[in-house]
Structure formats: structure tokens, C-alpha cells
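Just below is one structure, and these are the notes that go with it.
Chain naming here is simple, since letters A, B, ... match the order of the sequence lines and numbering starts at 1 in each. Source: prediction; values computed, not measured.
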Amino acid sequence: MGNESESLSNFIEDIIGNDIRNNKNGGNVVTRFPPEPNGYLHIGHAKSICLNFGLAKKFNGRCHLRFDDTNPVKEDIEYIHSIQEDVTWLGFDWGEHLHYASDYFEKLYQYALELIKSGKAYVCSLNADDIRKYRGTLTEPGRDSPYRNRSVEENQELFVNMKNGTFSDGEHVLRAKIDMSSGNLNLRDPALYRIRKTSHHRTGDAWCIYPMYDFTHCLSDSIEEITHSICTLEFENNRPLYDWVLNELNTPCHPQQIEFARLSLTHTIMSKRKLLQLVQEGRVSGWDDPRMPTISGLRRRGYTPESIRDFCDRIGVARSDSVVEHAALESCIREDLNKRAMRAMAVLNPLKVIIENYPRDLTEELDAVNNPEDPEMGSRKILFSREIFIEEEDFMENPPKKFFRLFPGQEVRLKHAYYVTCTGFRKDEKTGKVTEVHCTYDPATKGGWSQDGRKVKGTLHWVSASHFTSGDVRLYDHLFSVPNPEGDSSGKVFTDFINPDSLMVIKDAVLEKGLAGAAPGDRYQFERQGYFCADIKDSVPGKPVFNRTVQLRDSWAKIMKSGKENE
RNA sequence: UGAGGUGUGGCCAAGCGGUAAGGCACCGGGUUUUGGUCUCGGUAUUCCCAGGUUCGAAUCCUGGCACCUCAGCCA
């Protein structure tokens with residue numbers, strides 16, 4: 001890894017660079033990636049992972065993986081496993097620094113006691129509804145809770161009893177005593193601890209009170225001696241609270257919170273809640289459905305870690321809200337796979353071609369280059385015979401202008417094989433569908449070359465009709481048919497925009513024989529079509545199943561499309 | 001109408017007072033046994049708007065406008 005060229009520096013690197021120059025934090029750089037284990041990681045997280053681990057690498061520091069597991073009702077061990085797998089797959093290593101906020105529960109509890117002792121926190125016995133009413137609104141200040149002035153002793157006793165399970169959920173809450181009239185609502189005596197009589201996936205029933213994000217995150221950062229705590233823009237309003245907690249308490253250090261814009265991608269969604277909904281409602285096959293923007297979905301789709309890292313590099317890091325076009329992601333995987341994917345021929349919608357002057361009982365072995373971009377990948381043998389399959393769309397009875405594939409009288413090249421000329425075809429009288437095409441071949445063009453210098457405009461991929469393997473091919477498209485599925489202008493919800501054609505399954509496609517040996521996860525370019533990956537769950541040698549990662553650029557399709565639009 | 005942010009081509013994004021990088025997308029030429037790749041060229045007289053400072057402003061100042069975030073005992 002790491003062959004990505006050093007991307008242009010961003011504002012965060014500038015800040016850290018300055019800090020190092022000023023010997024802040026003794027010149028150390030320690031970052032962290034702090035996911036909550038309540039869902040699978042997605043491409044937006046990849047941006048954060050690349051940023052945090054990338055910064056650590058660039059400045060010779062380290063990056064921790066820390067699970068922000070303070071809400072047992074939403075979290076699960078399954079997510080802890082998947083997150084570690086995904087970060088590792090992306091190519092990053094947290095070394096010894098795998099941490100859990102839950103490991104700090106005791107320390108956090110002591111800090112809370114300290115805050116109570118100094119009169120900066122109190123137990124509030126208002127119910128959730130009343131707390132909201134007392135909070136005021138965006139434009140009106142809030143009012144002090146009637147419990148705001150309980151004595152330190154009373155607060156201590158109450159809090160200890162909260163911890164001991166004396167009370168039930170929602171009866172009390174520990175609050176910071178800050179400023180009920182602050183313009184920043186986060187400072188209007190935010191809740192620090194709540195009672196939750198739920199077992200935690202790691203601490204079991206050891207606790208019945210759980211700390212809130214604002215209390216936990218800054219202290220966890222400080223405990224781990226994080227120097228730069230990087231998060232997304234929506235936490236900007238929480239920064240004053242982050243700083244308040246660290247200022248009021250006696251902590252190891254005071255990390256600097258820096259916010260950047262989260263990633264949005266067109267034609268998909270990034271909300272974990274909505275992705276979970278897609279999974280739960282069975283709209284997709286799971287978190288790792290190849291249409292999902294999750295790391296596991298992209299992996300199954302055939303994306304490489306390198307391509308995702310390159311993408312994160314290209315999109316940059318800034319503070320303005322942005323929506324990156326999905327085409328930018330596709331460009332990255334095409335560039336990567338063009339260089340490394342083995343070529344193969346596969347016919348998705350077969351149309352039989354009979355080469356009339358080719359001997360009936362002859363089978364030839366022909367050489368096919370594995371990757372024209374990389375001679376070191378060598379070549380393979382492919383089988384040719386009198387009857388072959390070509391792509392249905394590569395033949396037209398009445399072609400439009402500039403169609404240089406097969407049609408009556410036209411000569412084309414069969415890739416790696418021969419020049420053939422169409423002499424006729426058969427059609428189903430009822431459907432009007434072409435059922436077979438007849439050609440003659442020129443024996444002097446073996447390999448696809450003509451000694452007489454005769455040029456041919458079209459080159460088709462093909463597979464011998466008596467030498468092939470069959471397998472299912474899954475053609476994926478955008479999960480959503482509109483660029484911004486979140487748009488609720490017309491009262492529609494995101495599921496209304498699900499693309500009904502996001503998955504098209506081709507049963508028993510005609511595949512070059514060698515493809516029978518594809519191992520799960522193997523990636524190929526099917527000539528003239530796109531990049532495909534043998535499914536890591538469903539593909540087995542001998543009966544392969546391929547997922548289309550991305551199509552090749554198709555300027556012919558573009559011409560046809562714009563032609564239709566201009567009609 | 002409170003507080004905090006952001007506005008540079010279709011989409012990202014550099015730029016930090018010296019005369020608009022780069023990528024994606026798009027358009028056109030060339031090469032090509034993938035209508036792929038590669039390659040060459042084109043695409044912002046202008047940086048949300050209006051004033052001002054300056055020899056000189058996307059960069060500094062003033063005033064507007066637009067958009068985003070915040071009223072969970074979620075993170």
C-alpha cells in the first residue's frame with residue numbers, strides 16, 4: 001500500500017504541521033478513529049479512517065481504534081467484529097491501540113464524582129419531557145431546573161444510588177451545570193449520565209448508568225492522550241462542551257477537536273439508520289449487499305482497498321458541505337482494475353454464430369493476452385470452433401450509421417481469433433428475433449491479423465459454443481435512481497427512490513472455460529463489458545457467480561443515447 | 001428572529017495581496033486486436049452579491065444574500 005502519491009495537504013495537515021513546528025504536544029501526533037458499534041462501516045467512514053490513520057502515518061504518530069460504546073441499547077458485538085475487519089481490509093493497523101470507551105467506565109465515573117464535588121454537576125430529577133421544556137428554544141433561553149441547586153452531598157448520594165441501581169430508568173440524570181441561557185443549546189446543562197438497566201455487550205450488568213457522548217468522548221481522548229481529535233462538522237456545536245469538560249476536570253491532556261465535512265455521495269445514502277432500515281426491510285440482502293455503500297458491500301462488489309484509499313485521497317478534506325459524484329468513485333476502481341485485472345471473454349446475452357466454411361470437427365487453441373496493460377501477466381489459451389456465441393447486441397439486421405459491429409455483408413474481427421464476414425442470419429418468424437447468424441471466416445487472419453493490411457473496424461468478444469462454462473452474472477446499478485435520494489421536497493421518503501433495476505441477474509451466462517476456475521474474490525475484466533468479481537459468498541469453483549463491479553466506459557452507448565435524445 | 005459554520009467551473013478542490021493548480025464529468029483530435037486503455041487539445045477575463053482599501057483583491061475591510069448544523073436521558 002501507500003503507493004498513492006502524497007496528496008495535497010489539507011487544512012488539518014496545516015494545523016498539525018504548525019503544532020509540530022511549535023512543539024505543541026512535544027511534537028507528537030496521536031489521532032483516533034472512534035466508531036460506535038451500531039452498524040457497519042461505509043465509504044464515509046473510510047474517508048475518516050484514511051484521514052486519521054493517514055495523518056498518523058504522515059506525521060510519524062499513531063492512530064487508535066476506539067469503540068465509542070456508551071449506548072448498549074443500540075450496539076452489538078457483531079458490529080465490533082465487522083468494523084475491525086473493514087479497517088484492516090482497508091489497509092490500516094491500530095497496533096496495540098484497540099480501545100473501548102467502556103474500558104473507561106470506572107474512570108469516567110470518578111471524573112463525574114469530581115465534577116459533582118466541585119459543584120459543576122448535579123442530579124436532575126425532571127423527566128425527559130420537562131427537561132426539554134426547561135431547555136428553551138433556539139431563540140429563547142432556557143430556565144434553571146428546580147434541582148439545579150441541590151447540595152454537593154445530596155448530589156453525591158443520589159449519583160451513587162443511580163449507579164447502585166436504586167432508581168429505575170429515567171428517574172434521574174446527571175447534568176453539567178453550565179448556562180441555561182447559552183446561545184449554544186449544548187451548554188444548557190447537558191445530560192452527562194443516564195440510567196439504563198440494560199446489559200452492555202462488553203461490561204454485562206456491571207453498570208446501570210451509562211455516560212453520554214459529550215462526557216465520554218473528550219475524556220476518552222484525553223485518557224488516550226490523543227493530540228488531535230478529528231470529527232465531522234455536526235459536532236462543531238459540541239466543541240465548547242468538549243473543552244468545558246476538559247477544563248473543569250483534572251485530565252492528562254487537552255486534545256484539540258477539529259471538524260471536517262463528512263462525505264456524501266450521489267445515488268446512495270450514508271445514514272447508518274437508513275442503511276439498517278434497508279437491511280431490516282429486506283430491500284438488500286444484508287449489510288454486505290454489493291449495492292450498499294458499506295465497506296463490506298464495496299468489497300463484495302469487487303472494489304479494492306487501494307481504489308477506496310485513492311478515492312479518499314482525491315476528494316480532499318475541507319469544511320464545506322459537499323456531495324461527490326458517484327462517477328468519481330467509479331473512476332478510481334476502473335483505473336486500479338485496468339492495470340491489474342486479468343482479461344476474459346464472457347457472453348452475457350448469447351447469440352449463436354455459425355462459421356460455415358470452418359471445419360465441423362476442428363477445435364483450435366488460440367493465444368489470448370491476459371492484460372494488454374501488463375505484459376508480465378502473460379497469455380492463456382482459448383478454444384475456437386465452428387459455432388460460437390457473440391453478444392446479442394453485437395449484431396443488427398439494419399444497423400444505424402457508424403455501427404461497426406456485425407451486420408449482413410460486414411466483416412469484423414473476433415478477438416484473438418479470425419476475421420469473419422456475415423453472410424446471413426435466421427429469424428424467429430413470430431418474435432422477429434434473430435436466432436442465429438451465419439458467417440464465413442478468412443483462414444489467413446488467424447490471431448486476428450490480416451497480412452494484406454486490410455483493416456476492420458469492429459472487434460467482438462466471443463466464446464466457443466462447444467467449449468464454455470456457465471455461471472450466473474449479477475449486473476449492479478445504483479441503488480437509488482436519483483442523485484439525491486434524501487430529498488424530501490415532495491414528501492417522498494428515501495425508499496421511494498430505490499432503483500428497481502439495481503440488480504439484474506443473468507442466469508447461466510456463457511463464460512470462457514478458464515473462468516470455471518475462478519476463486520471467490522478473483523477479479524476480471526470481461527472484455528468490452530466491465531470489471532467483475534467472483535462473489536465471495538456464493539461463487540464456487542466450477543460454478544462461478546460474478547458480480548459486476550463497474551462497467552467499462554462506453555462511448556458507443558453514449559452516442560446512441562445522445563442520438564435518441566436529439567430525435 | 002439565538003449560537004456556530006460554509007460559499008472558487010456540472011461535481012470535488014488548491015489558492016493565504018502579485019494577476020484562477022489538479023482530479024472527476026463533458027466536448028473534440030490521434031493511437032489502439034476492448035467503441036476500453038493511452039495520448040493531445042478545449043472548457044471560470046473570473047472566485048455568492050454590493051461597496052471600500054491597494055499600483056494590484058478570490059485573498060484585507062464593511063454591508064448584504066444563500067445554504068448547512070444545533071432544541072435526544074443518540075453518537
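Between A:K558 and A:D554, none of the side-chain N atoms (NZ, or NE/NH1/NH2) sits under 4.0 Å from a carboxylate O, so this pair counts as no salt bridge. Using a 4.0 Å cut-off between charged nitrogen and carboxylate oxygen, A:R454 and A:E411 count as a salt-bridge pair. Taking the charged nitrogens against the carboxylate oxygens, A:R66 and A:E224 do have a contact shorter than 4.0 Å, which makes a salt bridge. A salt bridge does not link A:K339 with A:E306: none of the charged nitrogens is closer than 4.0 Å to a carboxylate oxygen. Salt-bridge formation is detected for the pair A:R314/A:D310: a Lys NZ or Arg NE/NH1/NH2 atom is positioned less than 4.0 Å from an Asp or Glu carboxylate oxygen. Look at A:R405 and A:E393 and you find a salt bridge, because one of the NZ, NE, NH1 or NH2 atoms lies within 4.0 Å of a carboxylate O, short of that distance. For the pair A:D367 and A:K381, the salt-bridge criterion is met [side-chain N within less than 4.0 Å of a carboxylate O].
Summarising the geometry, the separation between CD1 on A:I178 and C1' on B:A3 is reported as 14 Å, rounded to the nearest angstrom. A:Y193 places its OH atom 14 Å from the C1' atom of B:C73, with the value rounded to the nearest Å. One can place CD1 of A:I195 at 12 Å from P of B:C74, the figure rounded to the nearest angstrom. Between A:H172 atom NE2 and B:C73 atom C1' there is a gap of 13 Å when expressed in whole angstrom units. Distance, A:R32 CZ to B:A75 C1': 12 Å, rounded to whole Å. Taking atom CG on A:D336 and atom C1' on B:C24, their separation rounds to 16 Å, with Å as the unit. One can place CG of A:L241 at 13 Å from C1' of B:A75, the figure rounded to the nearest angstrom. As rounded to whole Å, 15 Å separates atom P of B:U6 from atom CG of A:N10.
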(request) Starting at the 5' end of nucleotides 34-40 of chain B, put B wherever the base has a protein heavy atom under 4.0 Å, S where only the sugar-phosphate does, and a dash everywhere else. (result) BBBB---

(message) For a quick check, with a 4.0 angstrom heavy-atom cut-off, what is the B/S/- contact string for nucleotides 64-70 of chain B, read 5' to 3'?
(response) ----SBB

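At the heavy-atom level, A:V323 lies under 4.0 Å from the strands shown only through sugar-phosphate atoms. Among the atoms of the strands shown, base atoms are found under 4.0 Å from some heavy atom of A:N127. Backbone-only engagement by A:A327 is indicated by non-hydrogen atom pairs under 4.0 Å involving sugar-phosphate atoms exclusively. Among the protein residues, A:T137 comes within range of the nucleic acid bases, having at least one heavy atom under 4.0 Å from a base atom. As judged by a 4.0 angstrom heavy-atom cut-off over every strand, A:L366 is placed among residues making no nucleic acid contact. If you check every strand for non-hydrogen atoms under 4.0 Å, A:I131 touches a base. Residue contacts for A:V317: at a heavy-atom cut-off of 4.0 Å it reaches the sugar-phosphate backbone alone, with no base atom in range. Heavy atoms of A:S182 sit nowhere under 4.0 angstrom from any nucleic acid atom.
Comparing the same atom, P, in B:U62 and in B:G4 gives a spacing of 16 Å after rounding to whole Å. Of the P atoms belonging to B:U1 and B:U19, the separation is 40 Å, rounded to the nearest Å. The same atom, P, is picked in B:C11 and in B:U45; the two are 15 Å apart, to the nearest Å. Using atom P as the reference point in both B:G23 and B:C38, the two lie 12 Å apart (nearest Å). Distance noted for atom P between B:U69 and B:G52: 36 Å (whole Å). Nucleotides B:G51 and B:U43 place their P atoms 29 Å apart, quoted to the nearest Å. Nucleotides B:A58 and B:G17 have their C1' atoms positioned 11 Å apart, rounded to a whole Å. Atom name P, nucleotides B:U31 and B:G36: the rounded distance is 14 Å, in whole Å.
Looking only at distances, a side-chain donor or acceptor of A:D69 sits under 3.5 Å from a matching main-chain atom of A:S102. Listed for the A:D374 side chain is no donor-acceptor partner under 3.5 Å among the backbone atoms of A:R340. In terms of modelled atom types and a separation under 3.5 Å, the side chain of A:N155 and the main chain of A:R150 share a donor-acceptor contact. Checked by atom type and distance alone, the side chain of A:S145 never pairs as donor or acceptor with a backbone atom of A:C124 at under 3.5 Å.
When distances run from any side-chain atom of A:N238 to the nucleotides B:G7, B:C73, B:A75, the shortest one goes to B:A75. Out of B:A71, B:C24, B:C74, the shortest distance to the side chain of A:R135 is found at B:A71.
Taking the six-membered ring wherever Trp is involved, the centroid distance between the rings of A:Y193 and A:F215 falls below 6.0 Å. Taking the six-membered ring for Trp, A:F546 and A:F526 have ring centres closer than 6.0 Å. For A:F235 and A:Y213, the ring centers are positioned less than 6.0 Å apart. Annotation: A:Y418 is in aromatic contact with A:Y441 [ring centroid separation under 6.0 Å].
Residue A:R319 places at least one side-chain N or O closer than 4.0 Å to OP1 or OP2 of B:U6. Phosphate proximity of B:C26 to A:K558: present, with a side-chain N or O under 4.0 Å from OP1 or OP2. For B:A3, neither phosphate oxygen OP1 nor OP2 lies less than 4.0 angstrom from any side-chain nitrogen or oxygen of A:T139.
Comparing A:R132 and A:D14 along RNA chain B, the residue whose closest nucleotide (by nearest heavy atom) sits nearer the 5' end is A:D14.
Within the shown strands, nothing qualifies as a pairing partner of B:A75 under the Watson-Crick or G-U definition with both distances less than 3.5 Å. Using Watson-Crick or G-U wobble geometry with both donor-acceptor distances under 3.5 Å, B:G36 finds no partner in any strand shown. Nucleotide B:U19 is matched to nothing when pairs are restricted to Watson-Crick or G-U wobble geometry with both distances under 3.5 angstrom. Searching all strands for a Watson-Crick or G-U wobble partner of B:G2 with both distances below 3.5 Å returns B:C70. Across all strands shown, B:G63 forms a Watson-Crick or G-U wobble pair with B:C49, both key distances being under 3.5 Å.
Across residues 263-274 of chain A, not one residue has a non-hydrogen atom less than 4.0 Å from an atom of RNA chain B.
Regarding the sugar-base torsion, B:G52 falls in the anti class, its angle being beyond 90° of 0.
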